[in-house]
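A short worksheet on the structure shown next.
Counting starts at 1 for both ligands and their atoms, following the listed order. Predicted model, so just to flag it, every value in this text is computed and none were measured.
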Amino acid sequence: MALDKPYLDVPGTTIFDADQSRKGYWLNQFCMSLMKAENRERFKADEDAYLAEWPMTDEQRAAVRARDLNWAMRTGGNIYFLAKLGATDGLSFQQMAGSMTGMTEHQYRDMMVGGGRSAEGNRTVGEGGNAQGPAAQSEAWKAWEHAQQQALAAQIMDEHAQNQTGAAPGAGHARVTASVYSSHVPAIGAAIDLGKTEEPYWQPLFAGFEPSKQWMKDNLPDVVFLVYNDHATSFDLGVIPTFAIGTAASYEPADEGYGPRPVPVVEGHPELASHIAQSVIQQDFDLTIVNDLKVDHGLTVPMNLMFGSPSAWPVKVIPFAVNVVQYPVPSGARCFALGQAIRRAIESYDQPLKVQIWGTGGMSHQLQGPRAGLINKEWDNRFLDRLIADPADLSKMPHIEYVREAGSEGIELVMWLIARGAMADVAGGPAPKVAHRFFHVPASNTAVGHLILEDQA
Ligand SMILES: O=C(O)c1ccc(O)c(O)c1
């Protein structure tokens, strides 16, 4: 059980939540494609051929062909997406809504003219209202269900047999085991990709991460919650989310202009990510939910620094992108409080997963204007000291201090406060153990800082 679903007992109602969204992703994307006239024409000319272009399930294709909206919703469709299908057929929203009620078009219109369906008796399953019955089904859906019955029965038998012999699902809940902090300079990625890590310029930097790779082998988590910023890669100026959580099953490395980095695809953890999204949003942090995301150096470079260059990443990753590109960017205090909410979310997930939270970006660097190349070693090291010992006080530092002291791009360091806020001591537990600390200048234009804090709770 990942998502809390208090809405399941509302009669005749499907709430479009993360599970539904995941299930219906391609069905809904197909519907969106009908926003273009040329696609509507192609669909109308040959429905089967057009539907075959979309990686939907056979059942979803059948539901579309039958124009059975209840069936389509059962397979993950959402009415605002399905409405593009109805619009392609020339239907109004009233005709579409009415088609799901079992009433004729006229009966439904008359009900609306008469003041609409009453909420009385329709708030909870089992009351006596007129929306309590089973969903209206097309003949096609009934036939489909009939055909599935045998397969379903066999599957239930199988599951039953497995339950008899297999282990019980893991008990317990997820926990934060450590936080990791690291700069994410693209030139570090290029040095890895081009085999330059032993060159005199790069060797001292990579040497500083050798203990980290060993530590990671000894402390491998199941999931990394990876806080980073997108560098005008997946998010352009069209949409700028302040906090965006990736809920996809996988994330391809982005092409940032040099071609995609030759690193493995990043596997996500959609169930935990959706749970965290729900929990954190219910704690009043308004996250943007992202199902389609390519990840840039901000995410992949720290992965290499901590895991080396394996053929597949040994952990699942939940990407969490923070806007630090266009002002206003979130305050340190907001980031610190968000980290606390993320810890609560992780701890309330009912699977025994070990989760690390990483903060990336920084340290001091300025990539623009006559002040480009600014480095402030003393300030950076003081930042590391304060991050370890008094993050609550550090979180009060205003943006202007980051800019003046650590350069315009040094503002990325606010993201480290998200990871730090998720540690046990902030929630009243013991102080973390400093497993590793490293600082090096320069990597390209940047001072590289790195910390590993082990949770002692
Ligand atoms: O130092 C650099 O070259 C550099 C470039 C881009 C970044 O996002 C960054 O963090 C550092």
Quiz item: Of the protein's non-hydrogen atoms, which lies at the shortest distance from atom 2 (C) of ligand 1, and what is that distance?
Solution: N445 ND2, 3.2 Å

Practice problem: Do me a favour and list the nearest non-hydrogen protein atom to atom 10 (O) of ligand 1 with residue, atom name and distance? | Solution: H365 NE2, 3.1 Å

Quiz item: Out of R40, E41, M35, which residue meets the side-chain contact (heavy atoms from CB on, under 4.5 Å) rule with T88?
Solution: R40

Exercise. Just need the protein heavy atom nearest to atom 11 (C) of ligand 1, so name the residue and atom and give the distance.
Key: T446 OG1, 3.3 Å

Quiz prompt | H184: numbered ligand 1 atoms lying under 4.0 Å from its heavy atoms | solution = 10 (O)

Quiz item: Nearest to atom 8 (O) of ligand 1 by heavy atom, M363, H297, E256: which?
Solution: H297

Quiz item: Which of the atoms of ligand 1 are close to S444, meaning less than 4.0 Å from one of its heavy atoms?
Solution: 1 (O), 2 (C), 3 (O)

Quiz prompt | Ring center gap for F30 and W26 short of 6.0 angstrom | solution = no

Quiz item: Taking C-beta and beyond as the side chain, do F438 and S212 meet within less than 4.5 Å on heavy atoms?
Solution: no

Practice problem: Measure from the side-chain N and O atoms of Q278 to the backbone N and O of D4, and report whether any donor-acceptor pair falls under 3.5 Å. | Solution: yes

Self-check item: Closest contact, heavy atoms only, P302 versus S183
Solution: CG-O, 4.1 Å

Self-check item: Atom indices of ligand 1, in the order listed, that fall short of 4.0 Å to a heavy atom of A443
Solution: 1 (O)

Quiz prompt | H231 heavy atom under 4.0 Å from ligand 1 | solution = yes

Practice problem: Would you kindly specify which portion of P186 sits under 4.0 Å from ligand 1, judged on non-hydrogen atoms: side chain, backbone, both or neither? | Solution: side chain

Quiz item: How are the rings of F307 and W313 set relative to one another: parallel (under 30°), tilted (30 to 60°) or perpendicular (over 60°)?
Solution: tilted

Practice problem: Examine ligand 1 and decide if any of its atoms is less than 4.0 Å from a heavy atom belonging to G361. | Solution: no

Exercise. State whether the side chain of R420 and the backbone N or O of L387 hold a donor-acceptor pair below 3.5 Å, judged by distance alone.
Key: yes

